[in-house]
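Contents: one structure, followed by commentary.
Below, read A as the first sequence line, B as the second, and so on, with proteins coming before strands; counting in each chain starts at 1.
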There are 4 protein chains.
Amino acid sequence: MATIRKSARSTHPAAERPHPDATRRSQRSRQAIYDAALALVGEVGYPKTTIEGIAARAGVGKQTIYRWWSSKAEVLLEAFLDLGEQAVQAQGQQEEPYAIPDTGDIAADLKAVLRATVDQLYDPKFEAPSRALAAEGLVNEQLGREFVAKLLEPSLQLHVDRLRAAQAAGQVRPEIDPRIALELFVSPLAQRWLQHTAPVSYAYTDTLVDYALYGLAPR
Amino acid sequence: MATIRKSARSTHPAAERPHPDATRRSQRSRQAIYDAALALVGEVGYPKTTIEGIAARAGVGKQTIYRWWSSKAEVLLEAFLDLGEQAVQAQGQQEEPYAIPDTGDIAADLKAVLRATVDQLYDPKFEAPSRALAAEGLVNEQLGREFVAKLLEPSLQLHVDRLRAAQAAGQVRPEIDPRIALELFVSPLAQRWLQHTAPVSYAYTDTLVDYALYGLAPR
Amino acid sequence: MATIRKSARSTHPAAERPHPDATRRSQRSRQAIYDAALALVGEVGYPKTTIEGIAARAGVGKQTIYRWWSSKAEVLLEAFLDLGEQAVQAQGQQEEPYAIPDTGDIAADLKAVLRATVDQLYDPKFEAPSRALAAEGLVNEQLGREFVAKLLEPSLQLHVDRLRAAQAAGQVRPEIDPRIALELFVSPLAQRWLQHTAPVSYAYTDTLVDYALYGLAPR
Amino acid sequence: MATIRKSARSTHPAAERPHPDATRRSQRSRQAIYDAALALVGEVGYPKTTIEGIAARAGVGKQTIYRWWSSKAEVLLEAFLDLGEQAVQAQGQQEEPYAIPDTGDIAADLKAVLRATVDQLYDPKFEAPSRALAAEGLVNEQLGREFVAKLLEPSLQLHVDRLRAAQAAGQVRPEIDPRIALELFVSPLAQRWLQHTAPVSYAYTDTLVDYALYGLAPR
DNA sequence: TCGTAAACGAGACGGTACGTCGCGTCTTTAT
DNA sequence: ATAAAGACGCGACGTACCGTCTCGTTTACGA
């Protein structure tokens with residue numbers, strides 16, 4: 001089940017890019033490529049990570065990479081997604097893999113989630129590849145959209161869900177659009193982290209939640 | 001006069017990087033390099049813009065580029081800054097080149113500024129180089145900080161100023177930190193534009209201002 | 001019958017290279033490979049003829065080629081030999097397929113044979129593969145010996161035979177070694193053709209025969 | 001003088017192939033490439049000699065080879081020609097570098113020259129590159145003609161000269177065409193060596209001269 | 001006013017990586 | 001068991017740029 005669903009998910013449907021026969025694909029090579037890509041990005045950085053280097057480290061021919069991916073960014077994106085899937089599988093098979101806790105106190109819940117997000121953003125395993133992918137996405141719109149759809153939006157959707165619950169509980173005004181609302185606290189954090197515009201601390205994220213919930217104008 | 005002042009301003013002080021005699025520098029070449037860099041980024045995109053290409057297009061030896069800059073990102077950053085300066089000079093010699101209008105209505109003023117920002121973000125002359133520089137900055141921290149300091153912060157400071165004025169006028173709570181507050185509406189816009197996470201419209205930016213000022217929680 | 005004899009003849013005995021069961025070999029594939037190899041050498045030249053290309057054109061798996069031959073030169077050599085056999089079979093079933101005519105006039109007979117040889121050398125069907133095989137043979141001694149033994153020597157032997165007959169008829173000195181003698185007119189032609197050292201004409205080959213028979217020194 | 005003439009000779013005139021500025025060419029790299037090419041052909045054989053290998057062994061970028069030559073065959077041809085020139089220069093600056101001796105006895109002189117030729121053909125330094133170039137020339141007509149014009153014909157011309165002297169001395173019939181006549185003894189030797197059609201010995205080349213001078217027919 | 005030292009254009013050079021092609025091996029599915 | 005199909009590890013191809021390094025040639029300064 002889980003296995004089947006996974007292989008169905010992570011194997012590219014033939015429609016996406018014209019692939020050779022995916023059923024004969026070497027899973028050993030694929031995993032080795034993922035590992036090598038993530039390791040190299042972590043060790044030498046994205047710009048110095050080369051397809052040739054990935055192939056060499058994975059013990060794989062270059063053509064095996066070019067056969068299944070169209071750029072090193074695509075490789076890294078899939079490797080990173082795979083990493084996430086494996087992390088999920090490793091920590092148990094809960095039905096709802098990720099969700100924002102709902103203690104009834106929207107402010108507290110959001111602050112907790114943002115603090116966890118900060119931790120993740122500065123986790124070395126996570127930081128190098130996600131910065132690299134984000135950077136590539138800025139300039140390569142196709143990849144950018146893939147990055148957003150596969151990595152960013154699923155996580156943002158959790159915020160939407162929690163905000164809707166808060167609306168139902170009367171803690172957020174009903175006319176508020178949750179998809180926009182979440183950006184009030186998520187985007188500032190994202191920008192500080194991505195662009196180093198200013199330091200990030202728990203105090204900062206807590207403040208963001210407060211400002212967003214209660215606004216800037218006198219009440 | 002203008003020429004002299006300009007060259008004094010935008011030439012790096014000798015301390016920053018060990019330069020040859022800057023007084024003998026060819027302004028013709030410098031300008032040709034700026035023009036070529038901006039043109040190429042616009043025409044073929046940042047990744048396909050090469051130093052060799054810039055040199056060829058500018059009719060300049062490669063060494064002339066390597067003598068004065070350390071990477072194509074540095075070239076583009078200076079070229080882009082220079083473009084801004086020239087735009088400023090072209091539109092007149094006002095003392096305070098940029099400032100957010102203060103009509104007394106903070107909401108209206110912010111909405112107007114954000115709408116203007118949207119227009120600028122999607123101006124083709126502006127978009128390609130600034131995306132490219134932003135992308136490079138994500139992965140290259142040194143350049144990222146330069147990008148933020150020279151391009152982003154000056155513009156954010158204007159928001160800080162306007163918010164302080166609003167605080168003085170009692171339209172924004174006094175305990176609010178303006179440097180954080182501005183991110184409530186600026187960062188969401190920046191993220192949507194940079195990462196294509198969602199479309200950007202005047203309605204959207206107006207909404208951002210409203211949410212930010214009055215918060216999400218019932219009043 | 002014919003088929004069986006043929007396959008027995010042109011299939012390598014198991015001792016030469018360790019073959020799989022030759023009795024189960026697909027004659028369809030074999031012929032398709034021969035046709036493809038000859039066609040490709042004629043169309044794109046020997047260096048651009050590849051095993052992959054032959055397999056694709058023959059509608060055959062690469063392994064089917066590697067199973068039965070050890071190099072593209074071997075394939076071509078066999079294909080070329082097969083072509084010769086088919087030509088022989090096509091033009092009738094005489095017992096002695098080739099022999100130099102013996103009209104009693106050794107000079108006339110040799111001139112006639114050399115003219116026929118010239119025609120064959122510049123026959124497009126013949127030229128491309130035999131040049132290619134000769135070239136490969138220069139550098140690959142094993143193949144060179146095979147080429148000589150299977151293609152060149154049988155034809156030279158006919159000259160030996162005819163020269164011996166001329167010796168019996170008193171038209172050639174008895175102490176002459178026919179195997180060396182034939183080279184006086186065959187090798188110059190071969191070299192002009194192979195190495196483009198000079199043009200080849202009937203007048204030229206006639207002259208060769210005259211010079212060879214009567215020598216350079218005054219009589 | 002000698003130096004000037006040499007550099008004028010071995011630098012390609014701009015007409016031959018569209019070269020970059022030949023005056024700025026690195027003679028160090030050129031010589032290193034020649035040395036590497038000849039060494040590799042001798043050590044691993046022509047087919048396993050690669051441009052990449054030559055570049056690596058010469059301590060040179062691949063582009064430096066591609067800038068000045070169009071194929072490994074061209075490199076080897078020039079290297080081989082250069083080797084010859086250096087050999088000539090090394091053994092003294094005689095005006096007439098090569099000529100067939102003229103003792104008055106044409107048979108003896110030709111036998112001596114052919115014996116020397118045999119020695120040269122089986123000299124390891126000479127054999128590998130010249131076989132390789134000959135082989136390439138069979139299949140690549142352009143290179144073949146270059147090979148013939150630059151290496152073969154000059155040497156054949158010496159035979160023409162000696163035969164003309166013999167004609168003047170009445171040792172060769174006046175109506176004989178020396179350019180054809182020389183092939184009677186040169187081509188058979190060439191073919192035996194190139195194609196391994198039969199072994200080569202001094203006795204064999206002596207016989208060739210005798211047969212060629214006095215013919216096959218009874219006198 | 002004229003050297004003269006710099007910056008300059010041009011581009012050759014040693015390299016690295018690119019993306020492609022073909023090799024020879026191996027595995028899978030079908031006949 | 002042979003065959004078609006083709007994925008795989010591998011190595012070389014020929015190209016594009018990198019950043020460094022000469023080369024003359026301007027060019028602007030200070031003697």
Q) Which value, rounded to the nearest 0.5 Å, describes the distance between Leu40(D) atom CG and Ile51(D) atom CD1? A) 11.5 Å

**Q.** Gap separating the CG atom of Leu77(A) from the CG atom of Leu81(A), nearest 0.5 angstrom
**A.** 4.5 Å

Q: For Phe80(B), check ring pair (Phe, Tyr, Trp, His ring centres under 6.0 Å) against everything at least two apart and list the hits.
A: Phe126(B)

Q) In chain order, what residues pass the side chain to side chain donor-acceptor pair (under 3.5 Å) check against Lys72(A), with sequence neighbours excluded? A) none

Q.
Rounded to the nearest 0.5 Å, what separates atom CD in Gln142(C) from atom CD in Glu74(C)?
A. 5.5 Å

Q | DNA chain E: 5'-proximal contact among Ser26(D) and Ser26(B) (nearest heavy atom) | A | Ser26(B)

Q. Has the side chain of Arg131(C) got a donor or acceptor atom that lies under 3.5 Å from a matching backbone atom of Leu138(D)?
A. yes

Q) When we call it a touch if two heavy atoms are under 4.0 Å apart, what does Thr23(B) touch: a base, just sugar-phosphate, or nothing? A) nothing

Q. With Thr64(A), which residues qualify under side chain to side chain contact (heavy atoms under 4.5 Å, CB included), at least two apart?
A. Ser29(A), Ile33(A), Val60(A), Arg67(A), Trp68(A)

Q. So which of residues 47-64 of chain C are in contact with DNA chain F, with a heavy-atom cut-off of under 4.0 Å?
A. Gly59(C), Val60(C), Gly61(C), Lys62(C), Thr64(C)

(Q) Would you say that Glu146(B) contacts Glu78(B) through its side chain, given a criterion of any heavy-atom pair below 4.5 Å between the two side chains? (A) no

Q) Salt-bridged, Arg57(D) to Glu43(D), with N to O below 4.0 Å? A) yes

**Q.** DNA chain F: 5'-most and 3'-most nucleotides touching chain C, 4.0 angstrom heavy-atom criterion
**A.** dA1(F) to dA7(F)

**Q.** 5' to 3' contact window, DNA chain E with chain B (heavy-atom distance under 4.0 Å)
**A.** dA5(E) to dA12(E)

